[in-house]
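What follows is a short report on a single structure.
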Amino acid sequence: MLRTNLSSQISLDQISTKYYKPQNAVERSELTCFEKVPVDIYATQDDGVREVANEIAKFIKARQREGRFCVIGAGTGETLRPLYAELVRKHKEDHLSFRNVIVFNLYEYFPLTKDASHSAFHQLRDLILNQVDIPEANIFTISASVPQEQVGSYCSSYEQQINAYGGLDLALLGVGREGNIGMNMPGSSGSSTTRLILMDPISRQECARNLGVDTVPPCAISMGVGTILSARKVYLMAWGEDKADIISKTVESRITETIPASFLQTHNNATICVDLPASLHLTRIRHPWLVTSCDWNDKLIRSAITWLCQEVKKPVLKLTNRDYNEHGLSELLALYGSAYNVNIKIFNDLQHTITGWPGGKPNADDSFRPERAVPYPKRVIVFSPHPDDDVISMGGTIRRLVEQHHDVHIAYETSGNIAVSDEEVIRFMHFINGFNQLFNESKDETIMKMYKGIKDFLKDKKPGDMDTKDILTIKGLIRRGEARTACSYNNIPLDHVHFLDLPFYETGMVEKNPLSEVDVDIVRNLLKEIKPHQIFVAGDLADPHGTHRVCTDAVLAAIDLEKQDDAAWLKDCRTWMYRGAWTEWPIEDIEMVVPISPEELRAKRNSILKHQSQMESAPFLGNDERLFWQRSEDRNRATAKVYDDLGLACYEAMEAFVEYKPL
């Protein structure tokens, strides 16, 4: 059986249900004392989606029995996709009727032409409206083709239409990374109504990715925060670790215009629905000892002690009984007898994560080492979602593995061709054309014709236009060449460099196809060929572009199939997850950390710089102005500083890993 969503089931903390499934009102009151909006936490996204869809269905049916409309303000976006899919399923399989439903589109990009297909309303139609029995007369949307001078009066009329149906019964929302609900950007007031809004860069990137286009218009017309809060019931949903930070701020911080979602704290019937990864920064999940008695395990103890060290600004071995008592950790003193006993346990635990031998140290006692001493040398596969994630994320570890004589393979899962600028194509075509003119004795004009065709296309190319197949091929070749150069610099033989070009990625657009059996088979065939003792895979579950998660799912699905077939090689293999340029593993999760010397860090930087197309001109640098090598070094140094602050060894930098245990 092919399972392509295994990354969503990674639960590093093995969180006890007592922290997110209270048995009664008293327990809930105790656990949620820091939360200012009711939050329902579900073990998985699917569980949450089913529950919210059931509640919406009940509300619609109740209104049907009363002979009344059910008025819904509906947003779009990645968060709401699974909810709409479940509602469509209920319509088709459970005969849920939407004939009494009135839908008001929450926002629309501005300006758009009337026939623009990359609009929020077109997406809402595709996701649900065109698949259920809602009458066309019951659908209301914001026009993004209205003249700008008429926007103010148009927005007023949209508000009047909502009021004419008695106001919103339900508002269905996602939340942006900046805390926006609808398109209400930071700075929106709690009483705002439907209006024209200038979107910030991060929100525009999120919207473009959601629509599968390169860019969206700079503005949007959106229901205001006040209009949303007027709904009788509000559901805000968030799935995945990348939403954990903003959910915590929305729920536990003060109400502020810089986080529009925080205004939900003023609503008397709002519910925030999240899965476990999206709840990770809530106090009851992250620091449960502050709200209840705990089910202590090694990882939770490590989390508590590292948090305590940061609170009192002391290394582990200097913590006192008083520190424990004053910060809600007296239970640990009762369990271990004294601060000293706990301190020694955690110090040793953290010390054992540090190793200069990421492939295992031969002829050494490995009882307290993160990796096995044998077999030696090991066959190793590093799976890299794009042709630079390997060196950005674990370039120091790769060099160490090679220097320690392990048989290292690098597998680039996608071509990364959409992340190459048009200027790079022109630069390479100049070279190819010049080379052809100087050295092509037969005077074959094929290259010259291609050069002229590409040059003309790029000259007339408009934002959102899809590249030709030839241009995508050239962009892919540019990234292949850079990857080979980096691998050669790290002394990896070129016959150990594998370009998988997984088909899900090869759309030529930001929007990718779903992961398929074909993708998984490509990965699986490589695994069966190499039979590795170690696999390194991207653990960027909060990757803002999504490709890392899909690539990880491909590897985990392939491992899962091999496990189902009881593959012999898998019994002697470990899988380690690294993280890329966006985040690092929390120290309580780290199971192996590899020190990097100043010289090794410089070599890592050099290998990243081999990917020249991904420096200043790369389209996906994001909102962070640092280049990839700068982000990587800052992150590695920060990890080393955490270990130093805790009183362990002081290194220049460190790369961290977490072991994945097949489910």
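Side chains are part of it too, since the values below use all heavy atoms of this structure and drop only hydrogens, waters and symmetry mates.
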Can a salt bridge be assigned to the pair [X] and [Y] using a cut-off of 4.0 Å between side-chain N and carboxylate O?
X: Lys610; Y: Asp388; result: no
X: Lys531; Y: Asp572; result: no
X: Asp245; Y: Lys249; result: yes
X: Arg605; Y: Glu633; result: yes
X: Asp366; Y: Lys361; result: no
X: Glu241; Y: Lys243; result: no
X: Arg602; Y: Glu599; result: no
X: Lys314; Y: Asp323; result: yes
X: Arg302; Y: Asp589; result: no
X: Arg400; Y: Glu600; result: yes

Problem set entry | Pair Glu413-Ser384, side-chain donor/acceptor within less than 3.5 Å | no
Exercise. So, Asp390 versus Tyr412: side-chain donor-acceptor pair below 3.5 Å or not?
Worked result: yes
For this session: Test Arg637 against every option in Glu584, Glu655, Glu652 by the salt bridge (Lys or Arg N to Asp or Glu O under 4.0 Å) rule and name the one that passes.
Result: Glu652
Seminar exercise, completed: Between Arg524 and the options Asp519, Asp565, Asp560, the salt bridge (Lys or Arg N to Asp or Glu O under 4.0 Å) test singles out Asp565
For this session: Kindly assign one of parallel, tilted or perpendicular to the pair Trp576 and Phe657, based on the angle between their ring planes and the thresholds 30° and 60°.
Result: perpendicular
For this session: Report the relative orientation of the aromatic rings in Trp307 and His327; use parallel for angles under 30°, tilted for 30 to 60°, perpendicular for over 60°.
Result: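 Trp307 vs His327 ring planes: perpendicular.
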For this session: Go through the steps to decide whether Leu282 and Arg286 satisfy the test side-chain contact (heavy atoms from CB on, under 4.5 Å), and finish with yes or no.
Result: CA-CA 6 Å; Leu282 294 175; Arg286 195 173 196 179; over 6 Å; no
Exercise. Yes or no on ring pair (Phe, Tyr, Trp, His ring centres under 6.0 Å) for Tyr376 and His406, after CA distance, side-chain angles and deciding distance?
Worked result: CA-CA 7 Å; Tyr376 177 83; His406 296 287; 5.3 Å; yes
For this session: Report yes or no: is the cationic atom of Arg399 (NZ for Lys, CZ for Arg) closer than 6.0 Å to the six-membered ring centre of Tyr489, at no more than 45° off its axis?
Result: yes
